[in-house]
Chemist: 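Here's a structure for you.
One-based numbering along the sequence shown.
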Amino acid sequence: MNSSESSPPAPPLFVPPDAISSRCVAFLKKVNEKYGLALDSYFDLYRWSTDHIDLFWDTVWDDIAIVGYKGQGVVDNNTLPAANPPWFSEARINWAENMLTCRSADKFALIQATEPTLECPNPPHQRVTYADLYVMVADLVSALLMLDLKPGDRVASYSSNCIENVVACLATTAIGCIWVSAAADFGTQGVLERFEQVQPRVIFAVNAVVYNGKVHPHLPKLQSLLSGLSERCSLNPVVIVIQSAKDASGWDTDWLSWDTFISKGKSSSLGRTSEGEIEWCRQIFDWPLWILFSSGTTGCPKPIVHRAGGMLLQAKKEFVICADLRPEDVFFYYTTTGWMMWNFLVSGLSVGCTLVLYDGSPLREPSYLWHLVDELQISIFGTSAKYLDQLSRIGYKPRDHHNLTCLRHIYSTGSPLAHALFDYVYEHIHPNVLLASITGGTDICSLFAGMCSALPVHRGEIQCRMLGMAIETFTHDGHNCQAGEAGELVCVRPFPCMPIGFWPLPGFGTDESVKAAAERFRLSYFAEYKGMWYHGDHVLITPSQHGNGGGLIMLGRSDGVLNPGGIRFGSSEIYNVLETCFSFSEERNANDIIEDALVVAQSIDVGTDERVILFVKLYGKRTLSIEMEQKIRSEIRLRRSPRHVPARIIQVDDIPYTLNGKRVEIPVKKIINGAQISCVNSATLRNPECLAQFASIGEMLREEMAAKR
């Protein structure tokens with residue numbers, strides 16, 4: 001896209017070779033023609049899309065060919081996000097119907113790859129065509145209707161990333177039921193905390209999962225979950241077990257196998273029209289599609305209800321207009337079924353491309369996923385910043401071992417992508433790929449900022465704010481940030497993928513529980529800045545380059561912002577220095593390698609100030625030396641400022657992470673400031689045992705400050 005702006009100080013890492021032929025530019029031209037405008041750059045289009053949200057989303061609907069009835073009216077263009085206005089009030093759509101518009105008997109819809117084990121060193125990939133997928137969904141729709149399910153009933157999954165899980169999601173939503181998912185690696189207690197809030201009538205589960213080269217039985221965890229649901233809320237759901245292993249130990253006679261359940265559905269053929277088509281349950285645009293949960297590290301996980309129309313419209317806008325996904329693409333995202341990226345991936349069916357599902361460890365054999373790229377010709381590769389970080393730390397360079405010429409895009413999310421990891425991707429994975437760091441999250445189950453196939457990629461930056469998402473940065477006291485000033489990410493206009501609310505919604509619970517959920521929802525997103533959506537991220541919007549309207553640099557979660565001496569900065573500013581100067585490289589001395597780190601603030605001077613505490617996990621079994629401490633302080637001072645230098649650098653055995661692979665900053669901050677470990681929900685953590693060390697260190701740090709008074 002054209003721009004009259006001056007050249008950026010540093011050249012882009014990637015410039016799209018065919019930006020002018022991108023879908024984004026085609027959409028811009030369509031808007032110009034339809035409304036008699038002369039928009040010239042992405043930033044022009046972005047500003048128009050956020051100034052005229054009604055016209056924009058109406059045009060998006062038509063451009064991406066939504067199946068369903070649109071009707072008149074889009075949204076009140078004059079309202080604020082806190083009003084959470086209705087969208088497309090006359091519309092009638094079904095999300096699953098839009099996922100299955102392709103019915104090809106020759107085109108693969110899903111390919112399932114499984115991690116090799118000693119018993120099965122070369123597991124065959126499972127494949128289903130779009131025609132196969134439609135038949136499987138139709139049969140499962142029939143089977144679910146035999147259970148007398150009604151629109152609005154919840155259907156849950158406690159499964160691995162398998163084909164059957166996708167089928168279950170599609171069939172559930174085809175009949176207007178609400179999908180709920182928990183990953184098979186979640187502990188029973190964490191799943192119980194989620195499912196007891198939403199009371200599913202049906203639970204799909206696998207009987208075994210593969211991870212780290214081993215087969216792990218899952219039925220004992222399932223049995224424990226069911227016992228908890230029965231004891232705590234007298235819930236006894238129908239259970240359907242997807243059998244991926246031959247071991248049947250722990251089987252309950254009341255359970256149904258997947259094959260048996262599907263066969264019953266096939267024989268009854270319920271939920272079909274006279275022409276044999278699935279009888280899609282088309283509901284209003286704002287009908288609840290699925291419930292996602294917050295991490296719940298310091299409280300009960302929040303049940304976030306997403307609207308069907310918003311999920312459909314937003315995903316297709318992101319994929320078709322912004323990312324230029326095509327039916328010929330092969331789309332992979334490394335994710336569990338409990339992370340919103342699974343929902344993001346499955347939504348790719350709406351484009352008609354092939355999705356690759358993977359069940360297993362991503363790093364036990366670092367070459368495995370990259371071998372899949374070449375074997376399956378994966379063109380869109382999605383992962384987490386943590387995976388890329390770990391891959392770089394072990395020194396694996398995919399480009400040296402694999403062809404990878406099929407790759408078009410690499411997506412990264414889950415945490416900020418460090419500047420050094422941009423270099424790693426372009427040097428050691430692919431020199432000519434669109435690397436898109438993307439951000440949004442479970443709260444919106446989509447993106448606020450991310451990829452655009454018409455724009456360059458700049459080191460350390462998310463490419464752009466997404467069309468229709470009116471995000472800005474505010475100061476702590478609610479004013480717009482000045483140029484070059486970091487602030488709180490807010491959205492100042494309504495958007496269709498805003499959640500409907502927290503469960504229970506009106507009509508699905510007692511008046512008291514519905515009112516409490518509504519208040520919890522308000523406090524989560526609208527209590528910080530009047531009328532505005534507060535997302536809880538500390539970010540910097542960079543100066544506009546090449547007409548992008550400014551990229552984004554993620555600086556950390558807002559509640560983890562550090563503020564020593566009144567100077568506010570995000571934790572990622574520290575992590576980026578450590579990544580640049582102390583991560584694994586062949587040239588670096590092993591004594592200078594930091595394997596992982598966590599930075600938090602300790603309250604001092606009776607709460608009037610704070611000091612920065614940096615915890616480090618060193619490579620191997622090395623001990624933090626005085627020389628190493630000095631190197632860390634020196635690099636942070638040189639590359640950031642004296643205010644960024646930690647007051648204390650402390651070696652720890654491990655760094656705590658959530659089950660979805662995110663650093664646990666806020667609970668550690670609370671613990672070192674005196675909170676009990678019991679304030680942290682251990683069921684949400686991958687390694688909760690390491691918190692005891694932080695509690696001991698916290699006691700020492702508080703005694704240290706008390707002695708100085």
Chemist: To the nearest 0.5 Å, how far apart are CG in L345 and OG1 in T337?
Modeler: 12.0 Å
Chemist: Determine the interplanar angle of the F584 and Y619 rings, folded into 0 to 90°, and report it as parallel if under 30°, tilted if 30 to 60°, perpendicular if over 60°.
Modeler: tilted
Chemist: Taking K386 first and then D596, would you say they form a salt bridge - that is, a charged N and a carboxylate O separated by under 4.0 Å?
Modeler: yes
Chemist: Rounded to the nearest 0.5 Å, what separation is found between the CZ atom of R127 and the CZ atom of F108?
Modeler: 5.5 Å
Chemist: Quick check: does any side chain N or O of E699 sit under 3.5 Å from a backbone N or O of A695, one acting as donor and the other as acceptor?
Modeler: no
Chemist: What heavy-atom pair brings W339 and Y334 nearest, and what distance separates the two atoms?
Modeler: CZ3-O, 3.7 Å
Chemist: So does I242 get a backbone contact from the side chain of E164, meaning a donor-acceptor N/O pair under 3.5 Å?
Modeler: no
Chemist: Examine F344 together with F319 and report whether their ring centres are nearer than 6.0 Å.
Modeler: yes
Chemist: Could you measure the distance from the CG atom of L618 to the CD1 atom of I593? Nearest 0.5 Å is fine.
Modeler: 10.0 Å
Chemist: Using the ring centroid of each side chain, check whether W287 and W95 are separated by less than 6.0 Å.
Modeler: no
Chemist: Regarding D654 and K617, does a basic nitrogen lie under 4.0 Å from an acidic carboxylate oxygen?
Modeler: yes
Chemist: Between E318 and Q314, does any side-chain donor sit less than 3.5 Å from a side-chain acceptor?
Modeler: yes
Chemist: May I ask you to check if R663 and Y575 form a cation-pi contact, with NZ or CZ under 6.0 angstrom from the six-membered ring centre and within 45° of the axis?
Modeler: yes
Chemist: Can you name the nearest heavy-atom pair linking V206 to L219, along with the distance?
Modeler: O-CD2, 4.1 Å
Chemist: Salt-bridged, D511 to K515, with N to O below 4.0 Å?
Modeler: no
Chemist: Is the number of heavy atoms from other residues, nucleotides or ligands within 6.0 Å of CD (Q676) greater than 12?
Modeler: no
Chemist: Does the side chain of E365 come under 3.5 Å of the side chain of S367 through a donor N or O and an acceptor N or O?
Modeler: yes
Chemist: Excluding sequence neighbours, so at least two apart, what forms salt bridge (charged side-chain N to carboxylate O under 4.0 Å, His left out) with D185?
Modeler: none
Chemist: Please verify the inter-ring angle class for W255 with W251; under 30° counts as parallel, over 60° as perpendicular, anything in between as tilted.
Modeler: perpendicular
Chemist: Check the side chains of H125 and E375 for a donor-acceptor pair under 3.5 angstrom, ignoring hydrogens and angles.
Modeler: yes
Chemist: So, R154 side chain and G152 main chain: donor-acceptor pair closer than 3.5 Å or not?
Modeler: yes
Chemist: As an exercise, state the distance from CG of L147 to CZ of F261, rounded to the nearest 0.5 Å.
Modeler: 4.0 Å
Chemist: Would you say the side-chain atoms of R307 pair up with the backbone N or O of C497, donor to acceptor, closer than 3.5 Å?
Modeler: no
Chemist: Hey, is the main chain of S181 close enough, under 3.5 Å, to the side chain of S157 for a donor-acceptor pair?
Modeler: no
Chemist: Would you compute the distance between atom OG1 of T172 and atom CZ of F204 and round it to the nearest 0.5 angstrom?
Modeler: 5.5 Å
Chemist: Does the side chain of Q189 come under 3.5 Å of the side chain of N681 through a donor N or O and an acceptor N or O?
Modeler: no
Chemist: What's the shortest heavy-atom distance between Q199 and C233, and which atoms?
Modeler: NE2-CB, 3.4 Å
Chemist: H371 vs Y368 aromatic rings, parallel, tilted or perpendicular, using cut-offs 30° and 60°?
Modeler: tilted
Chemist: Are D132 and K107 ion-paired here, with the side-chain N under 4.0 Å from a carboxylate O?
Modeler: no
Chemist: Please enumerate all residues that pass salt bridge (charged side-chain N to carboxylate O under 4.0 Å, His left out) together with K662, with sequence neighbours excluded.
Modeler: none
Chemist: If you measure from CG on D259 to CD1 on I240, what distance do you get to the nearest 0.5 Å?
Modeler: 12.5 Å
